[in-house]
Amino acid sequence: MITVAEAKKKIDETVSPLPEKTVAISDALGCRLHKSIPAPINVPDFVSSIMDGVAFRHEDLTGAGPWRLPIQAVIGAGRDEVTPLRPGHAIKIMTGAKLIPGSDTVVKVEDVEFEDDVAVIREMVNRGNFVRPLGDDIEKGSLLFEAGVTVTPVVAGVLASVGLQNIEVIPYPRVTIISTGSEIIEPGHELRPGQRYDSNRTVLYSLLEHDGMPANIINHVIPDQRRELEQILRESMEDSDLVITSGGVSMGDFDYIPDVVARLGGEILFHKVTVKPGKPVLIARIGKSWLIGLPGNPVSVVAGYHLHARRVISRLMGKEYRPRTARARLGQDVHFPSDRFGMLGAMLEDHNGEIIAIPAVRQQSGRLSSAAEINGFIMIEENVQSMLAGETADVEWLYHWPIDGSE
Ligand code: AMP
Ligand code: MG
């Protein structure tokens with residue numbers, strides 16, 4: 001049995017990043033770049049107009065205005081007109097269109113009067129007015145992103161803007177979710193005495209999806225039988241970087257996961273952590289893959305995913321795990337009759353920057369509905385059994401977006 005702090009340290013020290021992989025930019029969101037990326041082109045790759053307007057040669061605005069410049073052509077965006085501008089002439093030009101040779105200055109259409117085919121310009125402007133130079137956004141050959149940068153939505157857009165479609169990243173792990181338990185059945189079947197419906201796969205799948213990873217689900221519940229567990233784990237490990245199971249890691253006669261891990265030659269990182277809920281958790285390396293065996297109790301699954309799986313996934317993706325945390329004020333007294341580290345489900349509300357934590361009622365690891373409306377946890381240090389309303393405590397958010405408009 002180890003402490004939460006020790007468990008975190010073990011994961012951080014042991015789980016190393018997955019090998020890099022080339023993926024479509026659209027699949028890279030949230031991943032880190034494996035290599036630095038120099039800009040392969042200038043953006044834009046031509047001199048263009050920033051406005052809908054009139055382009056001309058600045059030196060043609062001689063003497064006192066107004067200046068009258070016959071319109072030689074109308075140039076829309078996307079056109080590559082090579083005929084040079086005749087002296088004393090102008091072109092009508094649209095936003096984003098390429099300037100024609102000889103033109104160097106733009107006046108926006110609102111500031112131009114048109115008399116038949118002649119543009120009348122009344123106000124002097126600077127040379128280069130409203131002209132976007134070559135490489136104004138990105139200069140060819142410059143360092144676009146350093147290795148290690150996380151692909152945010154806008155980073156993805158910048159990569160697309162230089163024409164890239166695929167990039168090398170540390171990918172998301174391939175995750176497989178397995179529910180175990182001879183009493184557990186899938187929704188859609190009739191409940192027999194002693195059975196209950198599987199909610200853990202749905203919760204885990206949804207949490208992974210929320211974190212950006214579509215997971216593979218083993219679509220039937222594995223009963224508490226050594227052979228079957230061993231076979232399904234062995235198969236799952238082959239094409240997964242991480243397998244998350246629920247159930248079968250405790251002290252019961254039919255809790256076979258630790259046994260099966262040993263039979264598969266797994267190396268146990270730890271089994272049992274002094275945390276409530278979720279004490280029996282087991283983490284092991286089997287070959288190149290990782291196994292997180294969560295206890296079956298549905299709230300332990302939520303807490304265990306947050307505490308351990310997110311950390312393992314971050315490490316596999318070459319990231320430091322940084323949950324969103326705060327010091328929050330307790331909205332109510334907290335009684336936590338355990339010596340273990342506590343994760344108490346709570347609604348975290350933002351009151352003009354002050355976070356108020358309101359613990360959920362009727363909390364117990366077996367009551368999933370008691371956690372339905374939490375959006376985070378109050379993290380209770382070991383040996384702390386009560387805190388008073390108004391005191392501050394460490395909290396962590398479970399979700400990256402508000403579930404109730406309170407944030
Ligand atoms: P275990 O960790 O296997 O001892 O299971 C602890 C409790 O969680 C038992 O009451 C199980 O019936 C329940 N449980 C296990 N797996 C699931 C599941 N997938 N969905 C809902 N409850 C479960
Ligand atoms: Mg069980």
Side-chain angles (χ1 to χ4, degrees), residues 1-2 7 175-210 215-233 236 240 242-264 266 268-284 291-309 338 340 342-343 345 360 362-374 398:
M1 183 111 70
I2 61 173
V175 185
T176 297
I177 306 166
I178 301 174
S179 278
T180 75
S182 296
E183 78 284 29
I184 308 299
I185 64 162
E186 287 130 66
H189 296 75
E190 205 178 319
L191 272 188
R192 299 230 188 82
Q195 294 185 324
R196 62 186 294 176
Y197 286 123
D198 175 19
S199 55
N200 290 343
R201 274 183 304 175
T202 302
V203 163
L204 286 171
Y205 183 84
S206 304
L207 283 164
L208 285 155
E209 181 84 25
H210 177 75
N216 176 35
I217 301 186
I218 298 298
N219 63 8
H220 58 286
V221 179
I222 313 302
D224 297 313
Q225 286 172 8
R226 263 205 203 93
R227 279 258 189 84
E228 207 170 329
L229 265 177
E230 186 178 332
Q231 189 193 333
I232 198 84
L233 269 185
S236 304
S240 309
L242 172 63
V243 174
I244 305 178
T245 60
S246 69
V249 283
S250 309
M251 299 303 288
D253 288 359
F254 309 109
D255 287 337
Y256 290 132
I257 296 272
D259 230 33
V260 166
V261 168
R263 288 164 71 115
L264 290 172
I268 293 183
L269 192 62
F270 53 79
H271 185 192
K272 298 199 179 84
V273 176
T274 51
V275 61
K276 187 182 165 77
K279 178 170 97 175
V281 59
L282 177 152
I283 299 192
L291 169 78
I292 302 181
L294 297 172
N297 267 316
V299 180
S300 306
V301 165
V302 180
Y305 177 84
H306 178 73
L307 188 66
H308 306 293
S338 168
R340 286 183 253 157
M343 291 176 71
R362 295 185 71 244
Q363 291 201 48
Q364 215 186 65
S365 59
R367 291 187 191 134
L368 186 57
S369 68
S370 69
E373 280 166 43
I374 68 168
L398 175 62

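In listed order, ligands and their atoms are each counted from 1. For this chain, numbers begin at 1 and follow the sequence in order.
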(message) Heavy-atom contact check, 4.0 Å cutoff: does Pro295 meet ligand 1?
(response) yes
Below 4.0 Å from ligand 1: does a non-hydrogen atom of Ser199 turn up there or not?
yes
Here the atoms of ligand 1 under 4.0 Å from any heavy atom belonging to Tyr197 are 20 (N), 21 (C)
Numbered in order shown, the ligand 1 atoms found under 4.0 Å of a heavy atom of Glu183 are 9 (C), 11 (C), 12 (O)
Ligand 1 N/O within reach of [X] N/O, cut-off under 3.5 Å:
| X | result |
| --- | --- |
| Asn297 | yes |
| Gly247 | no |
| Gly248 | yes |

Where is the nearest protein heavy atom to [atom]: which residue, which atom, and how far?
| atom | value |
| --- | --- |
| atom 19 (N) of ligand 1 | Asp198 OD1, 2.7 Å |
| atom 5 (O) of ligand 1 | Gly296 CA, 3.7 Å |
| atom 18 (C) of ligand 1 | Asn200 ND2, 3.1 Å |
| atom 10 (O) of ligand 1 | Arg196 NH1, 3.8 Å |

Taking atom [atom1] of [X] and atom [atom2] of [Y], what is their separation to the nearest 0.5 Å?
| X | Y | atom1 | atom2 | result |
| --- | --- | --- | --- | --- |
| Ile184 | His220 | CD1 | NE2 | 14.5 Å |
| Ile217 | Ile244 | CD1 | CD1 | 11.0 Å |
| Thr176 | Leu204 | OG1 | CG | 12.0 Å |
| Tyr256 | Asp224 | OH | CG | 7.5 Å |

Report task. Taking the six-membered ring for Trp and the full ring for Phe, Tyr or His, determine whether the centres of His210 and Tyr305 are under 6.0 Å apart. Result -> no
| What do you reckon, is CZ of Phe254 surrounded by more than 12 foreign heavy atoms closer than 6.0 Å? | no
(message) Do Pro298 and Arg196 make a side-chain contact, defined as non-hydrogen atoms from C-beta onward lying under 4.5 Å apart?
(response) yes
Between Thr245 and Ile222, is the side-chain contact (heavy atoms from CB on, under 4.5 Å) condition met? List the steps. CA-CA 10 Å; Thr245 60; Ile222 313 302; over 6 Å; no
